[in-house]
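Worth knowing before you read on, the calculation uses all heavy atoms, side chains too, and leaves out hydrogens, waters and symmetry mates.
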Amino acid sequence: MELIYKGKTKDVYEMDGGNVLLKFKDDVTGEDGVFDPGANTVGLTIEGAGKSGLRMTTHFFEKLARKNIPTHFVDSNIDKVTMTVKKAAMFGRGLEVICRYRAVGSFLKRYGAYCEEGQPLNAFVEVTLKDDDRNDPPINQDGLSQLGILSIDDYKKLEELTIEISGIVKEELALKDLELYDIKLEFGRHIETNEIMLIDEISGGNMRVYKNGVYISPMELEKIVLA
């Protein structure tokens, strides 16, 4: 297989037959050795983080498939820490879509003059451009449309899918007395059908989850959810 992209937490390989292979790594995002799902750099390496993230991702992608929500997931191999996915085209150079239920992270940094830390939010959706050099700047639907990245109609579809998917994750976590504060998702278009679908992963590495006000680390979260 041909290596086509080396990401922060996954490497991407071209497969015969048109699919793509994702190799999960033990690198996680953060700064100065501290994990942060909103960070743009690899902050630390945690042994077993890749396998833990893949188990969580497999669990949620299979759940979404049963609900007929479009994703790029085909199958996974936990032992090899790999996931086979459908090939997708990114919007522009890539977008990250965040659904927020509490005022934390970058939201609090930007709007802290108008809210308190941990203040409840009603599934607040925001989009950022994947651009490490510019610290992933936020962009609204008009900006996406005028820059030719995403049409207004496609933005609405993206927003609907984000709220639906995030709600499913939030509800499942609540069954374990866990609270989802925010989650970061990525979307793309299926190369063949042009359908908008969820891509990348759903794991502890791209969400903030708390229990009784105490933060739950990604690997501990996987153990609780899949227990």
Side-chain angles (χ1 to χ4, degrees), residues 7-10 22-67 69 71-73 76-83 85 96-108 117-121 123-125 161-186 198-227:
K8 299 182 184 73
T9 60
K10 290 180 289 295
L22 305 182
K23 175 71 174 179
F24 283 60
K25 300 189 285 190
D26 287 341
D27 296 334
V28 298
T29 56
E31 294 180 0
D32 301 322
V34 178
F35 167 74
D36 180 357
N40 296 324
T41 57
V42 171
L44 64 161
T45 299
I46 304 174
E47 184 177 356
K51 187 170 287 188
S52 175
L54 178 57
R55 280 194 291 261
M56 263 284 265
T57 296
T58 300
H59 170 75
F60 278 113
F61 271 113
E62 289 178 343
K63 187 180 187 73
L64 295 177
R66 292 192 293 271
K67 294 180 177 292
I69 295 174
T71 78
H72 70 164
F73 180 78
S76 62
N77 186 317
I78 303 299
D79 291 335
K80 293 184 178 180
V81 204
T82 59
M83 183 167 75
V85 300
E96 292 180 343
V97 189
I98 303 98
C99 187
R100 301 185 183 277
Y101 296 100
R102 293 274 185 176
V104 293
S106 60
F107 182 94
L108 184 65
E117 183 174 3
Q119 180 176 317
L121 301 171
F124 179 88
V125 175
L161 283 171
T162 297
I163 292 172
E164 183 177 12
I165 293 165
S166 301
I168 290 169
V169 175
K170 188 175 190 295
E171 288 174 5
E172 176 155 347
L173 294 177
L175 296 176
K176 303 280 187 174
D177 295 321
L178 300 168
E179 183 179 355
L180 179 65
Y181 275 32
D182 59 30
I183 183 170
K184 179 174 62 179
L185 304 175
E186 293 189 33
L198 180 70
I199 62 173
D200 196 46
E201 64 179 285
I202 299 180
S203 72
N206 62 345
M207 62 179 80
R208 289 186 180 91
V209 177
Y210 288 71
K211 184 169 186 175
N212 299 323
V214 178
Y215 171 72
I216 307 297
S217 68
M219 293 183 69
E220 182 63 24
L221 178 63
E222 179 255 332
K223 294 175 183 177
I224 296 172
V225 171
L226 302 186

Electrostatic pair Asp200-Lys184, nearest N-O below 4.0 angstrom
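Answer for the salt bridge query: no.
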Is there a side-chain contact (heavy atoms from CB on, under 4.5 Å) between Glu186 and Glu96 once you walk through the steps?
CA-CA 5 Å; Glu186 293 189 33; Glu96 292 180 343; 4.0 Å; yes
Kindly indicate, with the supporting measurements, whether the criterion side-chain contact (heavy atoms from CB on, under 4.5 Å) is fulfilled by Val85 and Ile199.
CA-CA 8 Å; Val85 300; Ile199 62 173; over 6 Å; no
Atom pair [atom1]/[atom2] of [X] and [Y] - distance to nearest 0.5 Å:
X: Glu164; Y: Cys99; atom1: CD; atom2: SG; result: 12.0 Å
X: Phe61; Y: Ser76; atom1: CZ; atom2: OG; result: 10.5 Å
X: His59; Y: Leu64; atom1: NE2; atom2: CG; result: 9.5 Å
X: Met56; Y: Met207; atom1: CE; atom2: CE; result: 4.5 Å
X: Leu54; Y: Asn77; atom1: CG; atom2: CG; result: 8.0 Å
X: Leu185; Y: Ile163; atom1: CG; atom2: CD1; result: 11.0 Å

Are side-chain heavy atoms of [X] and [Y] found at a separation under 4.5 Å?
X: Met83; Y: His72; answer: yes
X: Ile46; Y: Asp26; answer: no
X: Leu121; Y: Phe107; answer: yes
X: Phe73; Y: Leu198; answer: no
X: Ile168; Y: Ile69; answer: yes

Shortest non-hydrogen separation from Ser52 to Pro218 and the atoms involved
OG-O, 4.2 Å
Compute both the distance and the angle, then confirm whether Arg102 meets the cation-pi test with Tyr181: under 6.0 Å from the six-membered ring centre, within 45 degrees of the axis.
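Flagged: Arg102 positioned over aromatic ring of Tyr181.
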Looking at [X] and [Y], would you say the former's side chain and the latter's main chain have a donor-acceptor pair under 3.5 Å?
X: Thr57; Y: Ile202; result: yes
X: Ser166; Y: Thr162; result: yes
X: Lys25; Y: Gly7; result: yes
X: Asn206; Y: Ile183; result: no

Residue pairs involving residues 51-63 (criterion salt bridge (charged side-chain N to carboxylate O under 4.0 Å, His left out); sequence neighbours excluded)
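Sorted pair list: Arg55-Glu222, Lys63-Glu172.
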Just wondering, are more than 12 heavy atoms of other shown residues or ligands nearer than 6.0 Å to NZ in Lys176?
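More than 12 within 6.0 Å, yes.
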Compute the ring centroids of Tyr210 and Tyr215, then answer whether they are less than 6.0 Å apart.
yes
Going through the checks in order, is the salt bridge (charged side-chain N to carboxylate O under 4.0 Å, His left out) test met by Glu201 and Lys10?
CA-CA 10 Å; Glu201 64 179 285; Lys10 290 180 289 295; 2.5 Å; yes
Decide yes or no on side-chain contact (heavy atoms from CB on, under 4.5 Å) for Leu221 and Leu173, but give the supporting numbers first.
CA-CA 9 Å; Leu221 178 63; Leu173 294 177; 4.1 Å; yes
